[in-house]
Structure formats: structure tokens, C-alpha cells
Amino acid sequence: MKTEITATGIAGLIAFICSYLQILVMENAEQFLAVISVMFLDGVLGIIAGTKIEGFKTKKAISLLKNTAVWVCILATILIVERGFSVGWLSETFILPFIVFQLISALKNAARAGYIKNALLQIIMRNVDKHKVV
């Protein structure tokens with residue numbers, strides 16, 4: 001009897017957490033997709049560039065999945081805190097700089113992989129530098 005009550009309570013808690021996360025992800029799908037797509041763009045271009053330079057490294061390829069999962073968890077945590085304390089600026093403050101840095105990294109990896117000419121990358125980087133706030 002105690003085991004059934006404990007199992008039911010644990011199952012209910014897990015169901016609550018999963019349904020809450022489902023709602024959180026569906027309401028903020030664009031942010032989750034942005035993080036995932038930027039991570040995968042940077043990671044895949046990094047893997048291609050690394051393969052051309054030093055050969056395929058399984059550990060670096062697996063780190064793409066790990067890093068993506070970590071950033072998705074960070075985004076989920078930030079969104080939960082935003083909801084809990086009505087501070088809608090948190091995700092923009094923490095996630096947007098990450099997105100910009102990852103996009104810059106993706107551009108550099110694309111240049112290393114040979115998809116973007118270095119001259120074009122330098123022009124882009126100069127324009128990014130003009131818009132930086134110090």
C-alpha cells in the first residue's frame with residue numbers, strides 16, 4: 001500500500017514536470033529553436049572545418065550534443081525564473097549575447113571550412129565591431 005502511494009506520487013510529480021516543460025517549450029518554441037539551430041549551425045560547421053584541418057574527432061562531435069543540451073537547459077531555467085518572478089528581460093539579457101557569439105563562431109567556422117571567403121568574413125567582423133557596445 002505504501003509503495004503504491006509513493007509510486008503514484010512520484011508518477012504524478014513527473015507528469016506535472018513534463019507537462020509544465022511541454023507548455024514552456026511550446027510557448028517559447030522560437031527561443032528553443034533559435035538556441036538549437038545556432039548551436040547546430042556552429043557545431044556542424046566546426047566539425048566540417050575540423051575534419052578538413054585535423055580529421056574527424058568523435059569527442060568534438062559528441063560535444064555538440066552535450067553543449068546544445070546544456071544551453072537548452074539553461075534557457076529552460078531562465079524562462080522558468082522569468083515566469084516565476086515576472087522578469088521578462090532575463091532571456092534577452094543572458095541568451096541573446098550567447099546567440100551573437102555563437103553566430104560569430106559559426107561565421108568563423110564557415111570561413112575555416114571554405115564556405116565563406118576570408119575577405120567577406122573580415123568585412124562582416126568589422127561591421128559587427130561597429131555595432132558593439134562597450
Side-chain angles (χ1 to χ4, degrees):
M1 186 70 171
K2 264 188 173 179
T3 306
E4 291 174 8
I5 293 172
T6 303
T8 303
I10 291 172
L13 180 64
I14 291 171
F16 168 75
I17 291 170
C18 289
S19 64
Y20 182 83
L21 289 176
Q22 178 188 12
I23 293 167
L24 183 76
V25 169
M26 295 310 292
E27 288 179 355
N28 299 288
E30 293 83 9
Q31 289 186 33
F32 282 98
L33 288 174
V35 167
I36 292 168
S37 63
V38 168
M39 287 298 297
F40 270 85
L41 176 68
D42 182 35
V44 168
L45 289 172
I47 290 169
I48 292 169
T51 301
K52 288 184 175 184
I53 294 169
E54 59 189 27
F56 184 78
K57 304 281 185 181
T58 305
K59 189 174 183 179
K60 289 186 179 183
I62 291 175
S63 74
L64 165 64
L65 299 174
K66 180 188 73 167
N67 291 341
T68 302
V70 166
W71 276 102
V72 164
C73 289
I74 290 171
L75 175 60
T77 302
I78 289 171
L79 291 171
I80 290 168
V81 171
E82 273 187 354
R83 269 189 178 191
F85 296 99
S86 299
V87 285
W89 50 267
L90 272 181
S91 60
E92 290 86 5
T93 302
F94 288 101
I95 300 298
L96 199 55
F98 156 75
I99 295 287
V100 171
F101 290 132
Q102 286 301 119
L103 285 172
I104 290 170
S105 176
L107 286 172
K108 289 179 180 178
N109 284 334
R112 286 181 38 218
Y115 296 124
I116 296 177
K117 294 181 180 178
N118 266 337
L120 177 60
L121 177 64
Q122 295 306 319
I123 292 169
I124 293 169
M125 295 308 294
R126 275 196 301 271
N127 287 333
V128 168
D129 284 341
K130 288 179 188 176
H131 297 289
K132 279 188 207 173
V133 177
V134 180

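- Contact of the I99 side chain with the L103 side chain is registered, since non-hydrogen atoms from C-beta on lie closer than 4.5 Å.
- Closest approach of A106 to D42, counting heavy atoms only: N-OD1, 3.3 Å.
- A pairwise comparison of heavy atoms in A49 and A113 identifies CB-N, 3.8 Å as the closest pair.
- Two different hydrophobic clusters hold I48 and I62 under the rule that ILVMFWY side chains link at heavy-atom gaps under 4.5 Å.
- The hydrophobic clustering, which links ILVMFWY residues whose side-chain heavy atoms are closer than 4.5 Å, places V100 and L107 together.
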Working for side-chain contact (heavy atoms from CB on, under 4.5 Å), residues I104 and M125: CA-CA 8 Å; I104 290 170; M125 295 308 294; 3.5 Å; yes
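- In the hydrophobic clustering of ILVMFWY residues, with side-chain heavy atoms under 4.5 Å counting as a link, L96 and V38 come out apart.
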Trace of the side-chain contact (heavy atoms from CB on, under 4.5 Å) decision for Q122 with K117: CA-CA 9 Å; Q122 295 306 319; K117 294 181 180 178; over 6 Å; no
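- For the atom pair L79 CG and F94 CZ, the distance stands at 12.5 Å (nearest 0.5 Å).
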Kindly list each side-chain donor-acceptor pair under 3.5 angstrom involving residues 64-76, sequence neighbours excluded, with atom names and distances?
| unit_1 | atom_1 | unit_2 | atom_2 | d |
| --- | --- | --- | --- | --- |
| N67 | ND2 | S63 | O | 3.2 |
| T68 | OG1 | L64 | O | 2.8 |

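- Here L41 contributes atom CG and I36 contributes atom CD1; the two are 13.5 Å apart, rounded to the nearest 0.5 Å.
- Separation of atoms CG (N28) and OG (S91) is listed at 7.5 Å; rounding is to 0.5 Å.
- Within 6.0 Å of NZ in K52 there are more than 12 heavy atoms belonging to other residues, nucleotides or ligands.
- Taking the ring centre of Y115 as origin, the terminal cationic atom of K108 falls outside the region bounded by 6.0 Å and 45° from the ring axis.
- Shown here is E54, whose CD atom has more than 12 heavy atoms of other residues, nucleotides or ligands within 6.0 Å.
- Separation of atoms CD1 (I116) and CD1 (I124) is listed at 5.5 Å; rounding is to 0.5 Å.
- Taking 4.5 Å as the limit, some side-chain heavy atom of L90 sits within range of a side-chain heavy atom of V87.
- Between the CZ atom of F16 and the CG atom of L13 there is a distance of 8.0 Å, given to the nearest 0.5 Å.
- Closest heavy-atom contact between A34 and S37: O-OG, 3.2 Å.
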Step by step, would you call Y20 with I80 a side-chain contact (heavy atoms from CB on, under 4.5 Å)? CA-CA 10 Å; Y20 182 83; I80 290 168; 3.7 Å; yes
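- Residues F101 and F40 do not share a hydrophobic cluster, defined by chaining ILVMFWY side chains whose heavy atoms lie under 4.5 Å apart.
- Note that CG of L24 is 9.0 Å distant from CD of Q31, once rounded to the nearest 0.5 Å.
- Under the 4.5 Å side-chain heavy-atom criterion for Ile, Leu, Val, Met, Phe, Trp and Tyr, I78 and W89 are members of the same hydrophobic cluster.
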